[in-house]
Amino acid sequence: MGYGDIMRVTTSGASNHTARAYGNGLTAGGVQASEKMASDDLARMKTYKTIIGNVAHRRNVDPALIAAIISRESQAGKSISGTNGWGDNGNGFGLMQVDKNWHVPRGAWNSETHLDQATEILVDILKVVRGKRPGWSPEQHLKGAIAAYNKGYDVLDHADVDKITTGNDYSSDVVARAKWYKRNGF
């Protein structure tokens, strides 16, 4: 899509910490752990495929990336569906966990309006990362924006982009999941 090729972004996948926290038999991190988590969310993710596609087209973002963020943030709704869409101790809203401390959430937690808002936030972050790191490749910008989606604009050098993210692996895990979703119909 318009912001770099997700299939060319480097990734080491989920950290051991993220894999163990997920449970379901995972004891070690890596790309295979990320793929397992993405796969476990696939049936639920398919229910959102149309609205993911609509938003991806509108925002010129790879639908696999949107699916991957949904998977990481909410397990395709599994971790938040019983809470009226709220997660992260009541701070994050919806499938993509829009942070109420920085944004006013729009739409229902599982709606196209919500996905559009969250993807718009991601695109806005990408533009900031491009401005802060003009020497980076489009794929480095993309990975930096994914990390910043989790922890804000305090993006470090590319090699350390996940150093301050949740699990110290947010962008690497999301990228590995996105590659899996790309190979599996998104």
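Below, all heavy atoms of this structure are taken into account, side chains as well, without hydrogens, waters or symmetry copies. Computed from a prediction, not measured in an experiment: that's the story for all the values here.
- The salt bridge (charged side-chain N to carboxylate O under 4.0 Å, His left out) check on R130 picks up nothing, with sequence neighbours excluded.
- Residues forming a side chain to side chain contact (heavy atoms under 4.5 Å, CB included) with S137 (at least two apart in sequence, or on another chain): E139, Q140.
- Scanning for side chain to side chain donor-acceptor pair (under 3.5 Å) contacts around T119 gives an empty result, with sequence neighbours left out.
- Here N16 pairs with nothing under the side chain to side chain donor-acceptor pair (under 3.5 Å) rule; sequence neighbours left out.
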Would you give me the side-chain donor-acceptor pairs under 3.5 Å for residues 21-31, sequence neighbours excluded?
| residue | atom | partner | partner atom | Å |
| --- | --- | --- | --- | --- |
| Y22 | OH | D40 | OD2 | 2.6 |
| N24 | ND2 | D40 | OD2 | 2.7 |

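- Checked against salt bridge (charged side-chain N to carboxylate O under 4.0 Å, His left out), D169 has the following partners two or more places apart in sequence or in another chain: R72.
- Between the side chains of D173 and T18, not a single donor N or O lies within less than 3.5 Å of an accepting N or O.
- Screening residues 90-111 for salt bridge (Lys or Arg N to Asp or Glu O under 4.0 Å), with sequence neighbours left out, gives R106-E120.
- R58 is linked by a salt bridge (charged side-chain N to carboxylate O under 4.0 Å, His left out) to E112, D116, counting only residues two or more places apart in sequence or in another chain.
- Shown here are the side chain to side chain contact (heavy atoms under 4.5 Å, CB included) partners of H103, two or more places apart in sequence or in another chain: V98, Q117, I121.
- Between Y48 and W109, the ring planes lie perpendicular to each other; the angle is over 60°, past the 30° to 60° tilted range.
- Under the rule for a ring-ring contact (aromatic ring centres under 6.0 Å, His included), the partners of F186 that lie at least two apart in sequence or sit in another chain are Y181.
- Evaluation of the side chain to side chain donor-acceptor pair (under 3.5 Å) rule for Y170 yields E73 as partners, not counting sequence neighbours.
- Taking S39 as the reference, W180 meet the side chain to side chain contact (heavy atoms under 4.5 Å, CB included) condition, with sequence neighbours excluded.
- For the residue pair N150 and T165, no side-chain donor N or O sits within less than 3.5 Å of a side-chain acceptor on the partner.
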